[in-house]
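These notes are about the structure you will find just below.
We're numbering straight along the sequence, starting at 1.
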Amino acid sequence: MPGSGGASWLGRGKLVLGMIHLPPLPGTPYHDGGGVEPIVERAVACARALVDGGADGCLIQTVDRVYAAGTDCDPARIAAMALITRAVVEAAGPGFRVGAQLMRNAVQASLAVTQVAGGHFTRVGALVGATMTAGGLVQGDPLAVAEYRNKIGAHGIALIAEVESMHFSWFGGGKTVAEVAATARQAGADAVSLCHHDDDTTMGMIAAVRAACPGLPVILAGQTHHGNPARLLGSADGADGAFVGTCLESGGWGGVIDKDKVAAYVNTVRSAHR
């Protein structure tokens, strides 16, 4: 059933989902060789800053510098991600939505981690179609994803499919963002994520997806900062939520999340959406 996880994970209002960017994990070539404990502690600290700042949830995302183009994922990497995700779920408490994504497109592993660790959603870099990356062509396999989702009973884990972003652009062209969104929804996506560095273009993509896929939640995949959430999220025509990363991190991308930066962003969204 398309979108079998439904939109129940969305709740009311506009979702602010902070990005918890992890350093390279065990099982990846740039891991520093240390234990996973410092990574867990850092992720938990970021989650607490998000909770204290008023965010609605987070996406825990691997940042391993180099990625396989396929779906294979080292067991140590999966195990570490599960430990981290469970620690964040426990530290954040009820009501805080936690997602896990093993980049680039290890969807089955991401579903398994999220399901077992008690999370709520995962973001999929390529659910349908294909996109070119530095590691090669990343191809979606919606049938395999649907079969595995069913196998482990993860229908309650929402799938957020990227349809146009820094991580996904339909390889070969020929499809509009609305067409990609409709295809992703048919393949089981519960929401789609998109972004563009130009705010006018982003708003146009949101409108196109809404017209083609009524009721399908649209989440900003990035390109949001303290200067634009009133328009991109606060307005009635804006997105239903946003993945927010760099502008919440001390010292820029990859830094520890700052509670005050979170609160300022959240307050802008809430004030504009009243």
Side-chain angles (χ1 to χ4, degrees), residues 7 10-19 21 54-59 61 99 101 121 123-134 138 140 159-185 189-249 252-253 261-274:
L10 189 64
R12 297 180 180 179
K14 303 287 182 128
L15 282 181
V16 176
L17 304 168
M19 298 294 298
H21 294 128
D56 302 289
C58 68
L59 176 65
Q61 187 181 71
Q101 181 185 20
F121 69 91
R123 186 166 78 170
V124 184
L127 179 62
V128 295
T131 189
M132 184 57 74
T133 73
V138 173
L159 292 180
I160 305 177
E162 298 206 47
V163 294
E164 183 63 43
S165 70
M166 71 285 288
H167 296 139
F168 181 90
S169 185
W170 188 272
F171 183 71
K175 273 190 179 289
T176 66
V177 66
E179 289 171 331
V180 179
T183 302
R185 184 183 212 178
D190 301 292
V192 295
S193 62
L194 55 81
C195 68
H196 193 277
H197 62 82
D198 177 72
D199 291 351
D200 289 336
T201 301
T202 298
M203 292 298 290
M205 291 194 296
I206 294 170
V209 171
R210 289 250 169 83
C213 306
L216 181 67
V218 178
I219 310 297
L220 298 177
Q223 303 294 348
T224 180
H225 47 77
H226 287 85
N228 65 11
R231 181 184 183 196
L232 296 183
L233 279 170
S235 69
D237 296 330
D240 299 293
F243 292 116
V244 193
T246 304
C247 72
L248 305 182
E249 297 171 320
W253 190 94
K261 292 177 185 284
V262 177
Y265 187 98
V266 170
N267 288 339
T268 300
V269 174
R270 303 291 185 253
S271 297
H273 190 56
R274 285 173 184 166

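- With sequence neighbours left out, the ring-ring contact (aromatic ring centres under 6.0 Å, His included) criterion links H167 to no other residue.
- The salt bridge (Lys or Arg N to Asp or Glu O under 4.0 Å) check on D198 picks up nothing, with sequence neighbours excluded.
- Side-chain contact check for S271 and N267: no donor-acceptor pair (N or O, by modelled atom type) lies under 3.5 Å.
- A heavy-atom distance below 4.5 Å is not found between the side chains of V180 and E164.
- When atom types are taken as modelled, the side chain of D240 and the backbone of I219 share no donor-acceptor pair closer than 3.5 angstrom.
- Taking the six-membered ring where tryptophan is involved, the planes of H226 and Y265 are perpendicular, since the angle between them exceeds 60° and thus also 30°.
- The residues R270 and D56 are annotated as salt-bridged, a charged nitrogen and a carboxylate oxygen being separated by less than 4.0 angstrom.
- Between the side chain of T268 and the backbone N or O of A264, at least one donor-acceptor pair lies under 3.5 Å.
- Between C247 and K261 the shortest heavy-atom distance is O-CD, 3.5 Å.
- Across every non-hydrogen atom of M132 and F171, the tightest pair is CE-CE1, 3.8 Å.
- The side-chain hydrogen bond (donor to acceptor under 3.5 Å, both in side chains) with R231 is formed by just one residue from the set T224, T202, D200; it is D200.
- With hydrogens and angles ignored, the 3.5 Å screen pairs no side-chain donor or acceptor of K175 with any backbone N or O of W170.
- A donor-acceptor pair under 3.5 Å links the side-chain atoms of T131 to the main chain of S169, judged by distance alone.
- Annotation: the span from Q223 atom CD to H197 atom NE2 amounts to 7.5 Å, rounded to 0.5 Å.
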